[in-house]
Number of protein chains: 4
Amino acid sequence: MVLNMEKHKRQAILGKAREWIGANGFSEFTMSKLAKFCGIAKGTLYNYFDNKEDLMVKVVEDRVAEIHHEVEEILGGSQEPEGKLRSMIRQGLAFYRDNLDLLMLYANEVKIADCKFPSSATAHGRFLREHLEWFMNRFEQLLSDMGVKRERRLLAYFFHETMKNLMSFNMLSGRELDIDRDADLLYSFYFHGVEAFQ
Amino acid sequence: MVLNMEKHKRQAILGKAREWIGANGFSEFTMSKLAKFCGIAKGTLYNYFDNKEDLMVKVVEDRVAEIHHEVEEILGGSQEPEGKLRSMIRQGLAFYRDNLDLLMLYANEVKIADCKFPSSATAHGRFLREHLEWFMNRFEQLLSDMGVKRERRLLAYFFHETMKNLMSFNMLSGRELDIDRDADLLYSFYFHGVEAFQ
Amino acid sequence: MVLNMEKHKRQAILGKAREWIGANGFSEFTMSKLAKFCGIAKGTLYNYFDNKEDLMVKVVEDRVAEIHHEVEEILGGSQEPEGKLRSMIRQGLAFYRDNLDLLMLYANEVKIADCKFPSSATAHGRFLREHLEWFMNRFEQLLSDMGVKRERRLLAYFFHETMKNLMSFNMLSGRELDIDRDADLLYSFYFHGVEAFQ
Amino acid sequence: MVLNMEKHKRQAILGKAREWIGANGFSEFTMSKLAKFCGIAKGTLYNYFDNKEDLMVKVVEDRVAEIHHEVEEILGGSQEPEGKLRSMIRQGLAFYRDNLDLLMLYANEVKIADCKFPSSATAHGRFLREHLEWFMNRFEQLLSDMGVKRERRLLAYFFHETMKNLMSFNMLSGRELDIDRDADLLYSFYFHGVEAFQ
DNA sequence: CATGAATGAGTATTCATTCAT
DNA sequence: CATGAATGAATACTCATTCAT
């Protein structure tokens, strides 16, 4: 019961946190603001989360679990490889559309610096890198199925980043996301390169 | 002479700043830490730079000028379009190899958040975005020369990002940069897509 | 209740601030010193006041409201003009006796400089000047009732200042305030000038 | 020779300091700004003055000497007392017109607080208070000559302050100083009080 | 003497975290 | 469990003063 209630409240807080970050950006995020936004006391947050880092990990955690699940469904399904690739793209675009803050998190927190000096890495940054690792491992298999012979890991990474790049491009240039059009574009670019646009 | 000394010290501080940022990431960067890292007093920094923002812009400024110059040389040269593309890749890789901290700056400071919340944008972030704008404008011409009919702006952005992606990938996975090999890889991926690796 | 406690502490801090300023003057006043003087942490001050300016305005605000009220009562009453003038003097002296720090605030913060350089004016300085304005407007009426034909505004200002001058004189020369005696003195000087002392 | 040069430069710096303070107000005054305004190095200032306090005393010193001299001339002259009083007023108004910064200095630095806590007093504040003391002593004699029987010291103080009050009033209300008119006004007020304006 | 780079203590302010209620 | 007042270390920045050249 209590645990249940606890879980509920925890989830409610996380939802609010996402909402806030999505609306106001990441660097302005503070515990006070979150508490006020949730309509609870600052101290209460610390009953549910060890600290800000912990909360930030949890903010990401379940949505990353969600991706894991969706990716598993697509890659473990019975479509042709190309169909899977297209599905991956559509799912990725839809996901980032609904979780724009994660895009920012990725941009800001999956830091190269953390690789050189892991001690200074943030917990949520580490978490995101672990997910990236998992994703690349998983995606390499698809590339293998598609007959890709070399550099599968790099290409897996490119896939992950290129999708974010498209979202970033849209944001930076004020272009609207159109999943049908943009999924096609991405597929063409990723599979055939610039050549496809000649 | 004195001016020379001033310039020297200014450059020395900027060098140290780059070193620090390269090693520890951007968001942890403070004036106190830099002062200590330089072995000078906090106040001294303010004899050379108006404020933190100013210093951070200066950290980027001259090297961006350097890129501008090199890019102009390649794109304004007499090579075939494909030759130019290859040269751009080699130049870009070499540049990032020598200026690894700029990679982080880009990752951390060309923020999507700043497009949604421009008020919170930093001066050096704006500076980098302006450079990006310039680069894309310039690169679109090459794509046009290569006969690319559609989505040239997006593809220009992809070029810029893909190069950084390769560098990031190397860092994240501990892979060594090999300009010959990696330039070929990038050319293949960018021009022909994943297909080229089948 | 809680609000009550809050208000209490807020008032306690303001009281301490007045005490400190009364004892040490205004230009030396800092948030650190106040915090230490209150025996609380620096950050705590910011739980009660937005910033130093805000605190300094609040230091003055309620007591100025008090003067407003008392002045209205006297000037709006049914005494003869001369009676009103005498009452004003007694009230003013009593007020400054009980709020010596305000004397310093006036001396230091209703700055002539702020008129020449309004950009550098402080919020509490502006506040005090607005009160002065109000007072002069109000007092001009009394002078009119007394049959004063010319220079009423200047004379209103002289009234305000002369009262402060007496207080300052007492402080500077170690003379004790004696309201009966000093009210008479002021009345004589203000109404009849030096002549009255011949 | 050298001493002469030294004295010359010292005076030049003091002149510049007055000019700066008169133009920009007192609270913004810093050694760096003065050095730049003089076109010399910061360190040079310290060859001529022990510290900022010392410089600020010297800024006042000679002009106060000037007043001393003028006051002596008037009070020691052969005019009738009333003539002397009128001369004092005209001389005072002219002096403050030409040395507006001293008005600010008086307002800000002859602090009541310094009487209660002399340890925190500034050197130039002390200097100004000493001058005030001298002035009051000197002026009391005139009042005596005019047949003033009581409260001569207080009235001397009032004289000093009232003159400043008129200047302040002009500044605060944007009124222009007109020495003929304002000297008459002051004489009437000081000698006959408000009564004279009925 | 003149210089001006270097200093460091000091200023206002923020914010993650704790703890008595 | 919930609260929110209190904390204090940290941040960017200033400026009177010193001292090697």
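Every chain is numbered from 1 and lettered A, B, ... according to where its sequence line falls, protein lines coming before strand lines.
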Choose from [options] the nucleotide whose nearest atom is closest to any side-chain atom of [X].
| X | options | result |
| --- | --- | --- |
| B:Lys52 | F:dT7, E:dC15, F:dA12 | F:dA12 |
| B:Ile40 | E:dA5, E:dT7, E:dA12 | E:dT7 |
| B:Tyr48 | F:dA6, E:dA5, E:dA2 | E:dA5 |

Rounded distance in Å - [atom1] ([X]) to [atom2] ([N]):
| X | N | atom1 | atom2 | value |
| --- | --- | --- | --- | --- |
| A:Glu53 | E:dA16 | CD | P | 11 Å |
| A:Arg10 | F:dA2 | CZ | C1' | 16 Å |
| B:Leu55 | F:dT11 | CG | P | 15 Å |
| D:Lys36 | E:dT3 | NZ | C1' | 15 Å |
| C:Leu45 | E:dT11 | CG | P | 13 Å |
| C:Leu34 | E:dG10 | CG | C1' | 16 Å |
| C:Phe49 | F:dA6 | CZ | P | 11 Å |
| D:Glu28 | F:dA16 | CD | P | 11 Å |

**Message:** Looking at C:Glu28, is its backbone amide N or carbonyl O close enough to the side chain of C:Lys33 to form a donor-acceptor pair, meaning the two atoms are under 3.5 Å apart?
**Reply:**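 At least one qualifying donor-acceptor pair exists.
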**Request:** Report yes or no: does C:Arg63 contribute a side-chain atom to a donor-acceptor pair with the main-chain N or O of C:Asn99 at less than 3.5 Å?
**Result:** no
**Request:** Provide the closest heavy-atom pair for C:Lys52 versus C:Thr30 in the form atom of the first, atom of the second, distance.
**Result:**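 The pair with the smallest heavy-atom distance is CE-CA, 4.4 Å.
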**Request:** With side-chain contact (heavy atoms from CB on, under 4.5 Å) as the test, would you mind laying out the steps for C:His8 and C:Gln11 before giving the verdict?
**Result:** CA-CA 5 Å; C:His8 224 236; C:Gln11 288 304 322; 5.9 Å; no
Distance (rounded to the nearest 0.5 Å) between [X] [atom1] and [Y] [atom2]:
| X | Y | atom1 | atom2 | result |
| --- | --- | --- | --- | --- |
| D:Thr44 | D:Phe49 | OG1 | CZ | 11.5 Å |
| B:Leu45 | B:Arg10 | CG | CZ | 11.5 Å |
| C:Leu34 | C:Lys42 | CG | NZ | 12.0 Å |
| B:Lys9 | B:Cys38 | NZ | SG | 8.5 Å |

**Prompt:** Across the strands shown, which category fits D:Thr44 at heavy-atom distances under 4.0 angstrom: base, sugar-phosphate, nothing?
**Reply:** base
Which base, if any, makes a Watson-Crick or G-U wobble pair with [N], both distances under 3.5 Å?
| N | result |
| --- | --- |
| F:dA6 | E:dT17 |
| F:dT11 | E:dA12 |
| E:dC1 | none |

What protein N or O atoms touch nucleotides 18-21 of chain E N or O atoms at under 3.5 angstrom, if any, and at what distances?
none

**Request:** Report yes if a side-chain nitrogen or oxygen of D:Lys9 is closer than 4.0 Å to either non-bridging phosphate oxygen (OP1 or OP2) of E:dA2; otherwise report no.
**Result:**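 Yes, within the criterion.
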**Prompt:** Any side-chain N or O of D:Asn47 less than 4.0 Å from the OP1 or OP2 oxygen of E:dA2?
**Reply:** yes
**Asked** Between F:dT21 and E:dC1, how far is it from one P atom to the other, in whole Å?
**Response**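 Looking at atom P only, F:dT21 and E:dC1 are 22 Å apart.
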**Request:** Specify the residue among A:Met31 and C:Asn51 whose closest nucleotide of DNA chain E lies further upstream toward the 5′ end.
**Result:** C:Asn51
**Prompt:** On DNA chain F, nearest-nucleotide positions of A:Gly39 versus B:Phe29: which is more 5'?
**Reply:**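 Looking at the nearest nucleotide for each, A:Gly39 comes out on the 5' side.
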